[in-house]
Student: 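Quick one: the structure is below, questions incoming.
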Amino acid sequence: MDKKQLRIIYMGTPEFAVLPLQKLVENGYNIVAVITMPDKPSGRGHKMQQSAVKQYALSAGLPVLQPEKLKNPEFLEQLRSYNADLQIVVAFRMLPEVVWAMPKYGTFNLHASLLPQYRGAAPINWAIINGEKETGLTTFFLQQEIDTGDIIMQHKITIEPTDNAGNLHDKLMIEGAEMVIATTDMVINQNITAIPQNQIATEQLHPAPKIFKETCQINYNQTAEQIHNFVRGLSPYPAAWTEFQLNGHSINAKIFATEPIIEPHNLTIGTALTDNKTYIKIACKDGFIKLLNMQLPSKKPLNVRDVLNGLK
RNA sequence: CGCGGAGUAGAGCAGUGGUAGCUCGUCAGGCUCAUAACCUGAAGGUCAGUGGUUCGAUCCCGCUCUCCGCAA
């Protein structure tokens, strides 16, 4: 089958989903429609924002659908009218069976982990938080339970010690775009052997639930290494935050970069030390966590040196 | 008109209705075996823009622009 003949509907919302779509379009695949989140007031000033995918889709001249409810009968009718052969989902939301079961060749999803590890909304963040040395990408066919479908392709990516959620996201996005193309080609060539996830041997399964602000507070009752991973796993978004006392100031800050220091001490956990010039470090379980880059309320993210200059 | 914060030297911040200040950085010189050390000196500002009040505005008031947090 020629790729022109395969009618594809693409579903996705954020930045992560743009690159795969762009690759598909640039390589001449037949995208008949794009589904994305409705425009929402967001950001400063509550301005209406179009999703990253919508912005790209419009610039590429693709039809865009933005249903409030995926089970809405009118939407389903509209969806059916596109008569798609395949649906591709990247960073969208849970789909009802009536949607994912619609196309002849089904619906596949690109997920940013090595399934069955890190099922859920925030696989990139959790992999780093847990100190993983590698993670990856998976394409799989959608099934009832979220992120449990039969696996089509997987690709490993090394997590470098210097990686944070931001640049790992970018790496995965680039690789993910290639995988979407490759997986689509497998569908076109009818050359797929999807493997059920329960046939994959794994140790303990780590979940990757959605992250809320409460879960972003730094707990100093952990090792320096754990805190370090926590910070980079949440950097730059949604960002780890903390409160501590420094020279009589009560500091409340988002932390973007840290350095772990393993060193015995007798200080109370959470005590902040500084020379007022070059560093701030906070006592944790087995040493200190040195703050390198942080953001005070109403300020921009700054190096600790600059923060200290301003506190004098 | 969702709520709130902020724009002052290259960077980070003070400050006052009457000639603009701190820390860091930069440059020059000194000291030192040595430093993200120390000492001395210098350069560097249309106090975001714009209108108004005033004898006089960086400061008070109106508007504009830009940035940041919350909230989704």
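Letters A, B, ... are given to chains in the order of the sequence lines, protein chains preceding strands, and every chain is numbered from 1.
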Student: To the nearest angstrom, how far is A:Phe212 atom CZ from B:rA71 atom P?
Tutor: 12 Å
Student: Is the backbone N or O of A:Ser113 less than 3.5 Å from a side-chain atom of A:Thr135, with the two atoms forming a donor-acceptor pair by type?
Tutor: no
Student: According to side chain to side chain donor-acceptor pair (under 3.5 Å), who are the partners of A:Arg93, at least two apart in sequence or on a separate chain?
Tutor: none
Student: Using atom P in both nucleotides, what's the gap between B:rG49 and B:rC1 to the nearest angstrom?
Tutor: 32 Å
Student: Please give, in whole Å, the distance from B:rC22 C1' to A:Leu308 CG?
Tutor: 15 Å
Student: What side-chain hydrogen bond (donor to acceptor under 3.5 Å, both in side chains) pairs are there with at least one residue in residues 16-37 of chain A, not counting sequence neighbours?
Tutor: A:Gln22-A:Glu26, A:Tyr29-A:Asp185, A:Thr36-A:Ser51
Student: Would you measure the distance from the P atom in B:rU26 across to the matching atom in B:rC33 and give it in whole Å?
Tutor: 23 Å
Student: List the residues meeting side chain to side chain donor-acceptor pair (under 3.5 Å) with A:Asn130, not counting sequence neighbours, and say none if there are none.
Tutor: A:Tyr118
Student: Would a distance-only check, ignoring hydrogens and angles, find a side-chain to backbone donor-acceptor pair under 3.5 Å from A:Ser81 to A:Gln78?
Tutor: yes
Student: Salt bridge (charged side-chain N to carboxylate O under 4.0 Å, His left out) with A:Asp150: which residues, sequence neighbours excluded?
Tutor: none
Student: Report the distance from atom CG of A:Leu302 to atom P of B:rG69, rounded to the nearest whole Å.
Tutor: 12 Å
Student: Under 3.5 Å, side chain of A:Gln197 to main-chain N/O of A:Asp147, donor-acceptor pair present?
Tutor: yes
Student: Quick check on B:rG69: is either OP1 or OP2 less than 4.0 Å from any side-chain nitrogen or oxygen of A:Gln295?
Tutor: yes
Student: Which value, in whole Å, describes the distance between the C1' atoms of nucleotides B:rC27 and B:rG18?
Tutor: 34 Å
Student: Work out how far the C1' atom of B:rC47 is from that of B:rA9, and round it to whole angstrom.
Tutor: 10 Å
Student: To the nearest angstrom, how far is A:Met294 atom CE from B:rG69 atom P?
Tutor: 14 Å
Student: Pick the nucleotide of RNA chain B nearest each of A:Pro301 and A:Thr278; which residue has the one closer to the 5' end?
Tutor: A:Thr278
Student: When the C1' atoms of B:rU50 and B:rC68 are considered, how many whole Å apart are they?
Tutor: 23 Å
Student: Figure out the CG/C1' separation between A:Leu296 and B:rC70, and round it to whole Å.
Tutor: 16 Å
Student: Report all interatomic pairs (protein N or O, nucleotide N or O of nucleotides 25-27 of chain B) with separations under 3.5 Å.
Tutor:
none

Student: Take atom C1' in B:rU32 and the same atom in B:rU40, then report the distance between them in whole Å.
Tutor: 16 Å
Student: How long is the line joining NZ of A:Lys254 and P of B:rG69, in whole Å?
Tutor: 5 Å
Student: Return the value, rounded to whole Å, for the distance between atom CE of A:Met37 and atom P of B:rA72.
Tutor: 13 Å
Student: Regarding A:His228 and A:Thr258, is there a side-chain donor-to-acceptor distance under 3.5 Å anywhere?
Tutor: yes
Student: Quick one: which of B:rC13, B:rG12, B:rC70 gets closest to the side chain of A:Lys299?
Tutor: B:rC13
Student: For A:Asp286, what residues pass the salt bridge (charged side-chain N to carboxylate O under 4.0 Å, His left out) criterion, not counting sequence neighbours?
Tutor: none
Student: Holding to salt bridge (charged side-chain N to carboxylate O under 4.0 Å, His left out), I want the full list of residues that pass it with A:Glu77, two or more places apart in sequence or in another chain.
Tutor: A:Arg80
Student: Please identify each residue that fulfils side chain to side chain donor-acceptor pair (under 3.5 Å) with A:Lys281, with sequence neighbours left out.
Tutor: none
Student: Sort by first number and list every stem of RNA chain B: at least 3 consecutive Watson-Crick or G-U wobble pairs, both distances under 3.5 Å.
Tutor: B:2-7 with B:65-70, B:10-13 with B:21-24, B:26-30 with B:38-42, B:48-52 with B:60-64
Student: Please report the distance separating the P of B:rG69 from the corresponding atom of B:rG29, rounded so that it comes out in whole Å.
Tutor: 44 Å
Student: Please determine, for the side chain of A:Ser298, which listed nucleotide (B:rG5, B:rU23, B:rC67) has the closest atom?
Tutor: B:rG5
Student: Let me know the distance between CD1 of A:Ile251 and C1' of B:rG12, rounded to the nearest Å.
Tutor: 13 Å
Student: Say you pick atom P in B:rG25 and the same atom in B:rU35; how far apart are they, in whole Å?
Tutor: 15 Å
Student: If the condition is side chain to side chain donor-acceptor pair (under 3.5 Å), which residues does A:Thr278 pass it with, not counting sequence neighbours?
Tutor: A:Asp275
Student: List, with names and distances, any nitrogen or oxygen atoms from the protein found under 3.5 Å away from nitrogen or oxygen atoms belonging to nucleotides 38-43 of chain B.
Tutor:
| from | atom 1 | to | atom 2 | distance (Å) |
| --- | --- | --- | --- | --- |
| B:rC38 | OP1 | A:Lys277 | NZ | 3.1 |

Student: Residues two or more places apart in sequence or in another chain: which of them pass salt bridge (charged side-chain N to carboxylate O under 4.0 Å, His left out) with A:Lys133?
Tutor: none
